Amino acid sequence: MDLLSKCKSSKVLVPPLSSIACKCFALVIIVLALRAAFISTFFGGFEQNQIAISHNISLSYVSEYGIRKDKFVEVPQIVWGLNNQKIAFARACLTARMLNRTLLMPSLSASLFYKEIDLLQPISFDKVFQFERFNSLCDGFVQLGHYSDVSNQTGAFEVQKGSGRRWTIQRDMDQLRQSSQDSIDRYEVIRITGKNPFLWHDHWPVKDYARIFECLVLVDEIAKEADKVINKIREVGRELKGKAEVLQHNIHLEGHQLHPVPYVAVHMRIEKDWMIHCKKLEQRLNVSQICSSKAEITERVGNILGLNTPTVVYLAVADVLLEDSSILSGWKEGLVPFEKKKLGVDGIYERYPYLIKSAIDYEVCLRADVFVGNSYSTFSSLIVLERTQKMMRMGMGNSCGGGADVRWPSYAYNIPGELKGPQRWMTNMDDSSLQAISYGSNHISC
């Protein structure tokens with residue numbers, strides 16, 4: 001009889017040795033059974049978990065492994081104005097992020113012919129913004145890739161963006177979710193065709209856009225040109241301040257003049273194309289706070305509380321489209337206006353196409369000590385967004401209720417503020433959509 005039979009038939013009063021042998025045998029059986037159960041559960045569960053993880057990589061917003069670098073999204077050439085192009089680029093990045101894919105570096109547009117597609121002058125993204133710097137700053141959030149990264153093994157799957165009133169936000173989101181399914185996700189490249197990305201539906205909060213805008217750093221060539229303009233503004237400001245202080249105190253302030261001198265930047269939207277657009281917009285929206293005349297702008301800027309004078313006022317304006325040649329007149333005493341020609345920097349701008357000119361002006365306005373713009377302008381709105389983000393990063397909080405000593409204040413001259421000045425302006429960083437910034441609004445957070 002084998003040991004198992006003996007143990008089954010044994011009684012309570014079995015010899016001690018037999019009892020020990022039976023107990024040891026039973027213990028071995030139990031251990032083997034538990035081991036078999038553990039192996040089955042662990043490896044079976046591990047296999048199922050691996051399948052689930054593999055599936056979730058294609059469906060998640062961003063997997064625990066980060067943005068995939070072997071799957072890509074391709075978008076059409078990005079068009080319209082500089083800041084519409086920046087919004088379009090960010091929207092394309094966030095679309096790729098949702099699909100957990102790398103965005104293939106898109107082509108921007110150096111020219112402003114947004115209706116005549118055949119007249120568009122394409123310019124590579126990395127001719128305007130630093131490619132590697134972007135990926136470094138946005139690492140783990142979004143990713144840019146080169147077309148040379150594509151292996152061309154599986155081809156591209158084309159996704160046609162819808163348009164018109166029937167193409168709702170929900171239908172757009174449903175299309176994105178369908179693009180995450182395995183039947184489409186297996187393609188190496190998803191090529192999105194149709195409308196300009198600026199006009200795609202918005203599914204992402206302002207904070208996501210702000211995060212991407214922070215990663216956009218101008219290439220050295222353009223950044224140096226912006227530095228030249230800013231240095232010239234501050235140089236003129238030092239001369240004005242030095243002369244004023246010498247007259248008042250009869251002292252020599254050569255060393256003092258080396259310190260940075262504040263300047264005000266005004267995005268002065270009074271060009272003929274803007275005036276036509278804003279008047280139509282006022283009629284359509286039944287709003288009166290969009291267009292602003294030169295007289296209204298100069299008066300409100302002059303009434304900003306706490307401005308130390310004399311102060312240089314840099315006027316960011318599209319000179320080619322400007323019909324009013326008197327923009328330098330009518331300013332309050334102590335505010336000394338300069339545009340490109342009077343400042344002597346027009347030669348810098350003339351060397352570049354529209355997009356680069358706009359990028360230089362954007363940087364000059366962004367770094368101003370005080371910025372004043374129009375809340376219905378995308379250019380002004382993005383500058384205020386970045387200035388708001390900068391203040392929050394520095395722990396400055398809300399500047400709406402602050403006094404004149406608040407750092408980097410921004411104002412909307414098209415909205416009346418206190419004491420006939422412009423309205424203080426900050427971006428609502430908790431907004432769930434960029435729509436107000438994309439299309440303008442008089443509902444600013446201050």
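Small disclaimer: the values here were computed from a predicted structure and weren't measured.
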Subject >> All pairs passing ring pair (Phe, Tyr, Trp, His ring centres under 6.0 Å) where residues 345-389 contributes a residue, at least two apart >> reply: His267-Phe379, Tyr362-Phe379
**OP:** Step by step, work out the side-chain contact (heavy atoms from CB on, under 4.5 Å) result for Tyr209 and Thr427.
**Re:** CA-CA 12 Å; Tyr209 284 94; Thr427 300; over 6 Å; no
Original post:
Can you name the closest pair of heavy atoms from Ser293 and Ile270 and give their distance?
Top reply: C-CG2, 4.4 Å
Subject >> By side chain to side chain donor-acceptor pair (under 3.5 Å) - contacts of Asp220 (at least two apart) >> reply: none
**OP:** Decide whether Arg269 and Ser377 meet the rule of one side-chain donor and one side-chain acceptor closer than 3.5 Å.
**Re:** no
Original post:
Quick one: side chain to side chain donor-acceptor pair (under 3.5 Å) partners of Asp174, sequence neighbours excluded?
Top reply: Gln170
Subject >> Lys127 NZ: over 12 foreign heavy atoms closer than 6.0 Å >> reply: no
Subject >> Atom NZ of Lys342: over 12 foreign heavy atoms under 6.0 Å >> reply: yes
Original post:
Considering only heavy atoms from C-beta outward, does the side chain of Thr388 approach that of Trp425 to under 4.5 Å?
Top reply: no
Subject >> Within-4.5 Å side-chain heavy-atom neighbours: Ile190 and Phe72 >> reply: no
Original post:
Okay, side chain of Lys357, backbone of Ile348: is any donor-acceptor separation there less than 3.5 Å?
Top reply: no
Original post:
Who are the side chain to side chain donor-acceptor pair (under 3.5 Å) partners of Thr193, not counting sequence neighbours?
Top reply: Gln160
Original post:
How would you list all residue pairs meeting ring pair (Phe, Tyr, Trp, His ring centres under 6.0 Å) that involve residues 172-191, not counting sequence neighbours?
Top reply: Phe157-Tyr187
**OP:** With sequence neighbours left out, write down each residue that passes salt bridge (Lys or Arg N to Asp or Glu O under 4.0 Å) with Lys390, or none if nothing qualifies.
**Re:** none
**OP:** Output, in order, the C-alpha distance, side-chain angles, deciding distance and verdict of side-chain contact (heavy atoms from CB on, under 4.5 Å) for Tyr411 and Val370.
**Re:** CA-CA 8 Å; Tyr411 299 85; Val370 178; 3.8 Å; yes
Original post:
Stepwise, does the side-chain contact (heavy atoms from CB on, under 4.5 Å) test hold for Tyr413 with Asn374?
Top reply: CA-CA 6 Å; Tyr413 59 66; Asn374 189 302; 3.7 Å; yes
Original post:
Is there a donor-acceptor pair closer than 3.5 Å between any side-chain N or O of Lys294 and the backbone N or O of Ser329?
Top reply: yes
**OP:** Measure the shortest side-chain to side-chain distance between Asp126 and Val219 over non-hydrogen atoms and say whether it is less than 4.5 angstrom.
**Re:** no
Original post:
Taking the side chain from Ser111 and the backbone from Gln121, do they hold a donor-acceptor pair closer than 3.5 Å?
Top reply: yes
**OP:** Would you check if the side chain of Arg171 reaches a backbone N or O of Arg166 as a donor-acceptor pair within less than 3.5 Å?
**Re:** yes
Original post:
Can you check whether Asn100's main-chain N or O pairs, donor with acceptor, with Arg68's side chain at less than 3.5 Å?
Top reply: yes
Subject >> Donor-acceptor contact present, side-chain Glu363 to main-chain Ala223, <3.5 Å >> reply: no
Original post:
Can any side-chain N or O of Arg387 pair as donor or acceptor with the backbone N or O of Leu366 at less than 3.5 Å?
Top reply: yes
**OP:** Please answer whether the main-chain N or O of Lys420 pairs with a side-chain N or O of Asn303 as donor and acceptor at a distance below 3.5 Å.
**Re:** yes
**OP:** Identify, with sequence neighbours excluded, every residue that meets ring-ring contact (aromatic ring centres under 6.0 Å, His included) alongside Trp274.
**Re:** His277
**OP:** Take the SG atom of Cys278, take the SG atom of Cys291, and say whether they are under 2.5 Å apart.
**Re:** yes
Subject >> Exam field: side chain Arg367 to backbone Val364, donor-acceptor pair closer than 3.5 Å >> reply: no
Original post:
Please, which pairs that meet ring pair (Phe, Tyr, Trp, His ring centres under 6.0 Å) have at least one residue in residues 281-311, sequence neighbours excluded?
Top reply: none
**OP:** Might you point out which heavy atoms bring Ser109 and Gln77 nearest each other, and give the distance in Å?
**Re:** OG-NE2, 2.9 Å
Original post:
Are Leu94 and His203 close enough, and set up right, to give a side-chain contact (heavy atoms from CB on, under 4.5 Å), and what steps lead you there?
Top reply: CA-CA 9 Å; Leu94 293 171; His203 306 290; over 6 Å; no
**OP:** Could you verify whether a donor N or O on one side chain and an acceptor N or O on the other, from Asn414 and Ser292, lie under 3.5 Å apart?
**Re:** no
**OP:** Check whether more than 12 heavy atoms from other residues, nucleotides or ligands sit under 6.0 Å from atom CD of Glu221, and answer yes or no.
**Re:** no
Subject >> Nearest non-hydrogen partners of Gln85 and Leu108, listed with the distance >> reply: OE1-CB, 3.3 Å
Subject >> Donor-acceptor contact present, side-chain Trp200 to main-chain Ala88, <3.5 Å >> reply: no
**OP:** For Arg211, enumerate each residue passing the side chain to side chain donor-acceptor pair (under 3.5 Å) test, keeping only those at least two apart in sequence or located in another chain.
**Re:** none
Original post:
Roughly how far, to the nearest 0.5 Å, is CD of Glu418 from CD1 of Ile304?
Top reply: 11.0 Å
**OP:** Would you mind reporting whether Leu103 and Val75 have side-chain heavy atoms less than 4.5 Å apart?
**Re:** yes
**OP:** List in chain and number order the residues that pass salt bridge (Lys or Arg N to Asp or Glu O under 4.0 Å) with Lys161, two or more places apart in sequence or in another chain; answer none if no residue qualifies.
**Re:** Asp172
**OP:** Enumerate the residue pairs fulfilling salt bridge (Lys or Arg N to Asp or Glu O under 4.0 Å) with a member in residues 76-93, sequence neighbours excluded, ordered by first and then second residue.
**Re:** Lys86-Glu386, Arg91-Asp202
**OP:** Determine, using ring centers only, whether Phe125 and Phe89 are less than 6.0 Å apart.
**Re:** yes
Original post:
According to the disulfide bond (SG atoms under 2.5 Å apart) rule, which pairs have a member within residues 344-388, sequence neighbours left out?
Top reply: none
